[in-house]
There are 2 protein chains.
Amino acid sequence: MVLYNVRANLNETFAALADPTRRAILARLACGEAAVMELAKPFRISQPAVSKHLKVLERAGLIVRSRKAQSRPCRLRAGPLKEVADWAERYRRYWEQGFERLDAYLGKLQRLEKAHARKSTK
Amino acid sequence: MVLYNVRANLNETFAALADPTRRAILARLACGEAAVMELAKPFRISQPAVSKHLKVLERAGLIVRSRKAQSRPCRLRAGPLKEVADWAERYRRYWEQGFERLDAYLGKLQRLEKAHARKSTK
DNA sequence: GCGTTATATAACCGAATGGTTCTATACAAC
DNA sequence: GTTGTATAGAACCATTCGGTTATATAACGC
């Protein structure tokens, strides 16, 4: 059933996404299949550099490549991105509750303890 | 208003998240503030190694540190994780529609164009 | 077969990464 | 003030990363 994404893991996925060139390539591929030369065009880096980036993306399961004459067109494979989204989603309540949450919580706890101490020693 | 996350960028965030030790640290911090020694306990790496990981997380805006006696407790700061979630979310339709989508779409487009061509030349 | 086009591979380089050990700093407790 | 504890920093090391140039492979057009 799950043919893609079998060997994907968060380490490789996050590492692949940490490079802006690779994220740009993914963004381009979101518009549809593209060959290496076409993907390389927007960047000022050499073709072999682009090939390396593509290999990283491929190993991370983020793209797949087929054959079409001399060209090796790439397609986006978004499976690992779902894993990323799911992973991040587990922290949603932390960004939704704001960054002062723990402070507030701990502060409240402290005040409660003080109040309790005052009561106890009274 | 947005005090955290000012200098955060996806490069640093993704790079920080690419290490399993650092993700484990974040998971631990989701349960609340913790000191370095406590964070180090589950891992077989040295204390300075943990300090280095914490510095990476701090530079990525994923944690903040305060002072409490000798200890430097860490707190989770989930802002950058929201950015990650938002970024990945833009690709949702790609993982939802399955990996054959583009093929199907392009094939359909091609058929439509052919049909149009036939009509035009008629 | 021959040249052209598209891509991959190899060899190399400098910088960054993730780990180590050893040492320094800061604070607490005595 | 000395000792102990928590943490950071410096120096080092091997590996990885992102780039380069030069070369190899593969398929097409003639």
Side-chain angles (χ1 to χ4, degrees), chain A residues 7-29 32-77 80, chain B residues 7-29 32-77 80:
Chain A
R7 36 164 278 93
N9 66 71
L10 281 176
N11 290 0
E12 269 184 350
T13 306
F14 278 127
L17 297 178
D19 186 283
T21 302
R22 288 193 289 262
R23 288 199 306 277
I25 288 175
L26 292 182
R28 165 61 190 81
L29 290 179
E33 188 169 284
V36 178
M37 291 295 278
E38 190 185 346
L39 291 172
K41 220 174 292 170
F43 309 104
R44 304 196 309 95
I45 61 179
S46 64
Q47 170 263 314
V50 175
S51 280
K52 279 192 182 183
H53 282 305
L54 293 176
K55 182 173 279 186
V56 173
L57 290 170
E58 190 176 31
R59 295 202 59 215
L62 286 161
I63 65 169
V64 284
R65 295 143 118 171
S66 47
R67 278 209 161 278
K68 199 168 285 183
Q70 309 101 305
S71 87
R72 306 283 312 276
C74 304
R75 287 204 311 276
L76 180 65
R77 181 121 315 169
Chain B
R7 35 164 279 93
N9 66 73
L10 281 176
N11 291 359
E12 268 184 350
T13 306
F14 278 129
L17 297 178
D19 186 283
T21 301
R22 287 193 289 262
R23 288 199 305 277
I25 288 174
L26 292 182
R28 164 62 188 82
L29 290 179
E33 187 168 283
V36 179
M37 292 295 277
E38 190 186 346
L39 291 172
K41 221 174 292 171
F43 309 106
R44 304 195 310 96
I45 61 179
S46 64
Q47 168 263 313
V50 174
S51 280
K52 279 192 181 182
H53 283 304
L54 293 176
K55 181 173 277 184
V56 173
L57 291 170
E58 190 177 31
R59 296 202 59 214
L62 285 161
I63 65 170
V64 284
R65 293 142 117 171
S66 47
R67 278 209 161 277
K68 198 168 288 183
Q70 308 100 307
S71 87
R72 306 283 312 275
C74 304
R75 288 204 311 275
L76 180 64
R77 184 120 313 173

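Just so it is clear, the model here is predicted, and its values are computed rather than measured. Values below: every heavy atom of this structure, side chains too, minus hydrogens, waters and symmetry copies.
- Rounding to the nearest 0.5 Å gives a distance of 9.0 Å between CG of L17(A) and CG of L10(B).
- Here dC27(C) presents its C1' atom at 12 Å from CZ of R72(B), a figure rounded to the nearest Å.
- Residue P48(B) has its side chain nearest to dC22(C) when only dT7(C), dC22(C), dA22(D) are considered.
- The line from CD1 of I25(A) to CG of D19(A) is 8.0 Å long, rounded to the nearest 0.5 Å.
- For the atom pair L29(B) CG and L62(B) CG, the distance stands at 10.0 Å (nearest 0.5 Å).
- Contacts with DNA chain C (heavy atom under 4.0 Å) in residues 15-27 of chain B: D19(B), R22(B), listed by number.
- Rounded to the nearest 0.5 angstrom, L54(B) CG and T21(B) OG1 are separated by 11.0 Å.
- Between R28(B) and E33(B), the shortest heavy-atom contact is NH2-O, 3.7 Å.
- Remark: C1' of dA8(D) and CG of L57(B) are 16 Å apart, rounded to the nearest angstrom.
- Taking side-chain N and O atoms only, H53(B) has a distance below 4.0 Å to OP1 or OP2 of dG19(C).
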Extract all donor-acceptor atom pairs below 3.5 Å that involve side chains of residues 42-52 of chain B and protein atoms in other chains or at least two apart in sequence.
from   : atom 1 : to     : atom 2 : distance (Å)
S46(B) : OG     : A49(B) : N      : 3.4
Q47(B) : NE2    : S51(B) : OG     : 3.2

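- When the P atom of dC17(D) is taken as reference, atom NZ of K55(A) falls 13 Å away, rounded to whole Å.
- In this structure a side-chain-to-backbone donor-acceptor pair under 3.5 Å is present from R22(B) to A15(B).
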For nucleotides 24-30 of chain D, give me one character per nucleotide, 5' to 3': B if any protein heavy atom sits under 4.0 Å from the base, S if the only such contacts are to the sugar-phosphate, - if neither. ---BS--
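- Heavy atoms of S46(A) sit under 4.0 angstrom from at least one base atom.
- One distance of note links CD1 of I63(B) with NE2 of H53(B); it measures 11.5 Å at 0.5 Å rounding.
- The minimum heavy-atom distance linking P80(B) with A60(B) is given by the pair CG-O, 3.5 Å.
- In this structure, L54(B) atom CG and dG18(C) atom C1' are separated by 14 Å, rounded to whole Å.
- Contact check of residues 36-45 of chain B against DNA chain D (heavy atom, cut-off under 4.0 Å) returns V36(B), M37(B).
- A pairwise comparison of heavy atoms in P73(A) and S71(A) identifies CD-O, 3.3 Å as the closest pair.
- Take R72(B) and apply the side-chain contact (heavy atoms from CB on, under 4.5 Å) test, not counting sequence neighbours, and it matches R65(B), R67(B).
- Below the 3.5 angstrom threshold, one finds a donor paired with an acceptor across the side chain of Q47(B) and the base of dA8(D).
- If you take CG of N11(B) and C1' of dA16(C), they are 14 Å apart, rounded to a whole angstrom.
- Computed from coordinates, the E58(A) CD to dT7(C) C1' distance equals 13 Å when rounded to whole Å.
- No side-chain donor-acceptor contact under 3.5 Å links R77(B) to the backbone of V64(B).
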N/O contacts under 3.5 Å, protein versus nucleotides 11-16 of chain D?
none

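- Of the inter-residue distances, the one linking L57(B) atom CG with C74(B) atom SG reads 8.5 Å to the nearest 0.5 angstrom.
- Of all nucleotides listed (dT7(C), dA8(D), dT20(C)), dA8(D) comes nearest to the side chain of S51(B).
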